[in-house]
Every structure is written in C-alpha cells, then in structure tokens.
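Data first, discussion second: the structure below is written as structure tokens.
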2 protein chains.
Amino acid sequence: MDNNVDADHNAVNGNILDRVGLVSEKSYHHGNLRAALLEQAKATVREQGLDGLSLRDLARQVGVSHGAPRRHFQDRQALLDALAESGFEQLGAELAAAFEQAGSDFGTRLRASAAAYLRFAINDAALLDLMFSSKGHDADDPLHTAAMAAFSPMFELIHQGQREGILEAGDPERIGLVLFASIQGTAALFTSGMIESAQLEQLASDAITYFVRGALPIP
Amino acid sequence: MDNNVDADHNAVNGNILDRVGLVSEKSYHHGNLRAALLEQAKATVREQGLDGLSLRDLARQVGVSHGAPRRHFQDRQALLDALAESGFEQLGAELAAAFEQAGSDFGTRLRASAAAYLRFAINDAALLDLMFSSKGHDADDPLHTAAMAAFSPMFELIHQGQREGILEAGDPERIGLVLFASIQGTAALFTSGMIESAQLEQLASDAITYFVRGALPIP
DNA sequence: ACCTGAACACCGTTCAAGT
DNA sequence: ACCTGAACACCGTTCAAGT
C-alpha cells in the first residue's frame, strides 16, 4: 500500500492508525491534537460557558504544552470559529436525523425538526450563542456556508410543503429563512433567560403554528 | 434647601451639579464615573466588539486608575450586565418612539417598530449580542425585566390588533412572544452574517407578514 | 511536521493606603 | 465615599530550540 502519499496529503485530521484505534491515548503528539482540542473545548463551553474557555487550560487538559495549539489554530478566535463550525455540523446532523425519523408527514417532520433545534439550544446554549455571535463575517464566510448546510433539511421541508399544497409558492430559501429566524429567535429567548422552560414549549408550538398559517397559499 | 438628604440617599448616578452642568469635564473623581464608564464601554463595544472591551482600557480612556471601576462594578461581568440592561432601556425607548411617530394604524405601527428594532441591531450588533447572551439568568433577573419592559410597546400593539379584530384573542404576551422571537431571530440572522443587508429587508417584511397572517382570527 | 518552554505584554482582581 | 497604585495569578501570542 502507498498510504504514504495519502498521509502526507491530509495529515491533520487523524491518520489511519487513529481511525483503527491502534494508537494509545497519550499519542496526542501525533495526529489528532486538533480534534482533541475541539472536543475538549466543546465540553468546557458547555459546562463553563464561553468565558471559561482558555487556550492554556485547554492545552493543559489535553496534555500538551501551551504553545502546541498554535500549530492547529492560529489564535483563540480561529479555535472559536472552528468550534462554531463544528457546532453547525452537529446541529445539521441532528436536524437531519429528526427529519428522517419523523416519517413523511409534513407537520410531524416540521415539529420534530424544530424540537431537535431547540433540544440543541437547551443542551448547548453557549455554543449556539457562539454560532450566532456577531464577528466580522464576510459573505463567503465558511460559517455562513455551514449554517445554511445545517438548516438545509428545513429548506427541503419547505419544498415538500409546497409540493403538497400546504405552503405558498416562492423561493424555498426565502420562505425557509422566516422559519429559521422564528426558531432561532425562540431559542435565543430561551438561552438568554427571557422565557422559562415551561414557556418554551408553548412559544415553540405557537411559532410553528403561526409560520404554517402565515405561509399558507392565498386561495 | 436640604438637598443633603437627597444626595446621600441616591449619590451614585450623578449629583445636582452634574445635571446642571456646573462641573468641569475632569471631575470624574466625584459622581459620574459609573455613567462615564458605561458610555465609553458602549462606544468601545460598538467599534471593537465585545472582545475589544477591557476594564483597564476603559479606566484609561475615562482618565481614572484601573482600580477605580471596582467602586461601581464589582467585576467585569457586572459591567457587562449593566451595559446589557442599559441596552434594553435604549432599545425600549427607540421602540416606543417609533411606535408613537407611526400614527395609529396597526400595520404601520407594527412595521415601524420592527424597523426600529432592526435599526438597533444594525447599529449595535455586538451590544444586541450581549443583551441576548446566555449567562446565568435567574427568573427574576433584572435583565429579564428590562427586556420585557423594552418590548412592551409590542405587547401594547398586540392588544390594539386584538381590539380591532385583526389579531386572534388570547394572552397578548403569549402572542407577542411569537413576534418578539421572530424579530429577534431576524436580527440574529443578520448580525451573525447569515444574511446580507439586501436580504434583511425582505426577511423582515416576510416575517411580519407571516406573523400577521398567522395570528389572524380563525373565522 | 509537530511540540516544548522561556519571554513579553496585557489583563482581572484584590487590598492597603491615601484624600 | 471614592480613588490610587502595588501586587498577584492568569492569559494570548511569539519564537527559538528541540525531536
């Protein structure tokens, strides 16, 4: 086998030995430091919030020197950006899973997807905050792409609703953005403490009902 | 006059001399440091973002030693909380102003208020982020109160819509939260860079249209 | 290619001391 | 009552040196 070429070409994100699990846990010095840092960062943000995250702490917890992370993230902001991006990937996966497990009924799919979104907001409030924080975002920001990819099950759902005559015609992305905003706003009201868990369920239900009614075809 | 008693009772937020403007600009050492810090913090957050805000910098810019802010804000978080609260006060004032200047038509008032909200989001994106950031918020958090107070013109608007038969019956706060979430979500999609300025107007318009349709009485 | 460890400038927080 | 300034522990970033 000529796995040499492959390893050199894409050596950052873990090598074959790691994937097969043949490398001991202390082999951070080769291959998977980037992933380990992100994983630990995510856990820390969940437990301590964004302010509890320090590069030096991270390096300590993962067992490397404080200068090591620099090889994988140019600075703290680069790590936060990567963390946000991986957050969108996870959110997208959970939305897609909820979408698929919900059967084929439009309303059921919509409610299941929204519930998955809000579950993410509840479990990883600080991460969701980071994902929607206002940094200098260019138009072709990878985060923009990741966010739209994550929400793509919702856009697909809009398309289904249109095919079935439940939703009005029009650009599915334009209509989907209204749904996106509504769900994200609901999540934000909860993570920021404006509403309690008890009100969240009611608000989420209302938001979806209003959206569906609002997007009804005008007959 | 016995203004001694009054001054002692409420000496933090500037004294009579300040209000009348009889105190020179270098009199920070007496009375208005807290307000000066908040004002400078708001400007810095607007120009540099939240990460550009440092207590020591603030103290420097205001012309006071780095230990001085502690007299008015126990720690950095306390200053951020106060900043968020003052942000809600400003947002509330701007919503109320837009509400009043919009005449008496329900739709006009609704669009004007939403536009004012989004104007705030555009001008002070980082501040809005801070206002909705996920810290440890109790149920009786002053921020919760400030947010609801800020949005109260919207709740009043819901009430008007119900009186005029444009909106369905029900708890105005419950219905208003759907509108709140929708507008805040729209703002978040913009401040986080998910949509561009060009799309913002379209999304805002759609969000309001869908809300009004969604909250229509079911005849 | 990846990691270490010293060095630097900066920060938040505390606290005795000043007025 | 309010502010100063030294002190402390910690942080992000840089960079020569190691393997």
Side-chain angles (χ1 to χ4, degrees), chain A residues 3-18 23 26-37 40-41 44-45 48-83 135, chain B residues 3-18 23 26-37 40-41 44-45 48-83 135:
Chain A
N3 50 9
N4 251 350
V5 180
D6 285 326
D8 278 325
H9 188 63
N10 188 2
V12 174
N13 268 322
N15 54 37
I16 289 179
L17 292 179
D18 288 334
V23 174
K26 304 203 73 178
S27 75
Y28 282 140
H29 316 277
H30 288 297
N32 56 351
L33 177 57
R34 188 192 141 98
L37 287 169
Q40 180 61 47
T44 302
V45 166
Q48 322 253 15
L50 245 186
D51 294 343
L53 189 70
S54 115
L55 280 182
R56 288 177 103 111
D57 242 350
L58 231 50
R60 241 174 264 131
Q61 290 165 323
V62 157
V64 296
S65 80
H66 66 263
R70 186 138 219 275
R71 214 30 68 163
H72 306 277
F73 304 101
Q74 212 176 16
D75 55 21
R76 189 188 134 99
Q77 189 54 49
L79 184 140
L80 294 184
D81 289 346
L83 192 59
K135 308 287 175 182
Chain B
N3 50 9
N4 252 350
V5 180
D6 285 327
D8 278 324
H9 188 63
N10 189 1
V12 173
N13 268 323
N15 53 38
I16 289 180
L17 292 179
D18 288 335
V23 174
K26 304 203 75 179
S27 76
Y28 282 140
H29 316 277
H30 288 297
N32 55 351
L33 177 56
R34 189 191 139 99
L37 286 169
Q40 179 62 47
T44 302
V45 166
Q48 320 253 16
L50 245 185
D51 294 343
L53 190 71
S54 115
L55 280 182
R56 289 178 103 111
D57 243 350
L58 231 50
R60 242 173 261 131
Q61 290 165 323
V62 157
V64 89
S65 83
H66 66 263
R70 186 138 220 276
R71 218 23 74 161
H72 305 277
F73 304 102
Q74 212 176 17
D75 54 22
R76 189 187 135 99
Q77 189 54 49
L79 183 139
L80 294 184
D81 289 345
L83 192 59
K135 307 288 176 181

As a test of reading the structure: which of [options] is closest to the side chain of [X], going by heavy atoms?
X       : options                : value
A/His66 : C/dC11, C/dG12, D/dT13 : D/dT13
B/Val64 : C/dC11, C/dC3, D/dT4   : D/dT4
A/Leu55 : D/dG12, C/dT4, D/dC3   : D/dG12
B/Asp75 : C/dT13, C/dG5, D/dC11  : C/dT13

Look through every strand shown and name the nucleotide pairing with [N] as Watson-Crick or G-U wobble, where both distances are under 3.5 Å.
N      : result
C/dC3  : none
D/dA17 : none
D/dA9  : none

(message) Side-chain N or O of B/Ser54 versus OP1/OP2 of C/dC10: is the shortest distance under 4.0 Å?
(response) no

(request) Please determine if a side-chain N or O atom of A/Ser65 lies less than 4.0 Å away from the OP1 or OP2 oxygen of C/dC3. (result) no

From [atom1] of [X] over to [atom2] of [N], roughly how many Å is that when rounded to an integer?
X       : N      : atom1 : atom2 : value
A/Asn32 : C/dC3  : CG    : C1'   : 14 Å
A/His72 : C/dA1  : NE2   : P     : 13 Å
B/Arg71 : D/dA1  : CZ    : P     : 9 Å
A/Leu53 : D/dC10 : CG    : P     : 17 Å
A/Gln74 : D/dT13 : CD    : P     : 9 Å
B/Phe73 : C/dT13 : CZ    : C1'   : 16 Å
A/Gln77 : D/dC11 : CD    : C1'   : 16 Å
A/Leu79 : D/dT13 : CG    : C1'   : 14 Å

(request) Grab the two heavy atoms, one from A/Val62 and one from A/Ala36, that are nearest each other, plus how far apart they are. (result) CG2-O, 3.9 Å

(message) Any base atoms under 4.0 Å from A/Arg56, or only sugar-phosphate, or nothing? Heavy atoms, all strands.
(response) base

(request) Check whether any side-chain heavy atom of B/Leu55 sits under 4.5 Å from a side-chain heavy atom of B/Leu37, and report yes or no. (result) no

(request) Flag the pair A/Leu79 / A/Leu53 as yes when at least one side-chain heavy-atom distance between them is below 4.5 Å, and no otherwise. (result) yes

(message) Determine whether a donor-acceptor pair (N or O, by modelled atom type, separation under 3.5 Å) exists between the side chain of A/Asp75 and the backbone of A/Ala78.
(response) yes

(request) Give the intermediate values and the outcome of side chain to side chain donor-acceptor pair (under 3.5 Å) for residues B/Asp57 and B/Gln61. (result) CA-CA 6 Å; B/Asp57 243 350; B/Gln61 290 165 323; 5.3 Å; no

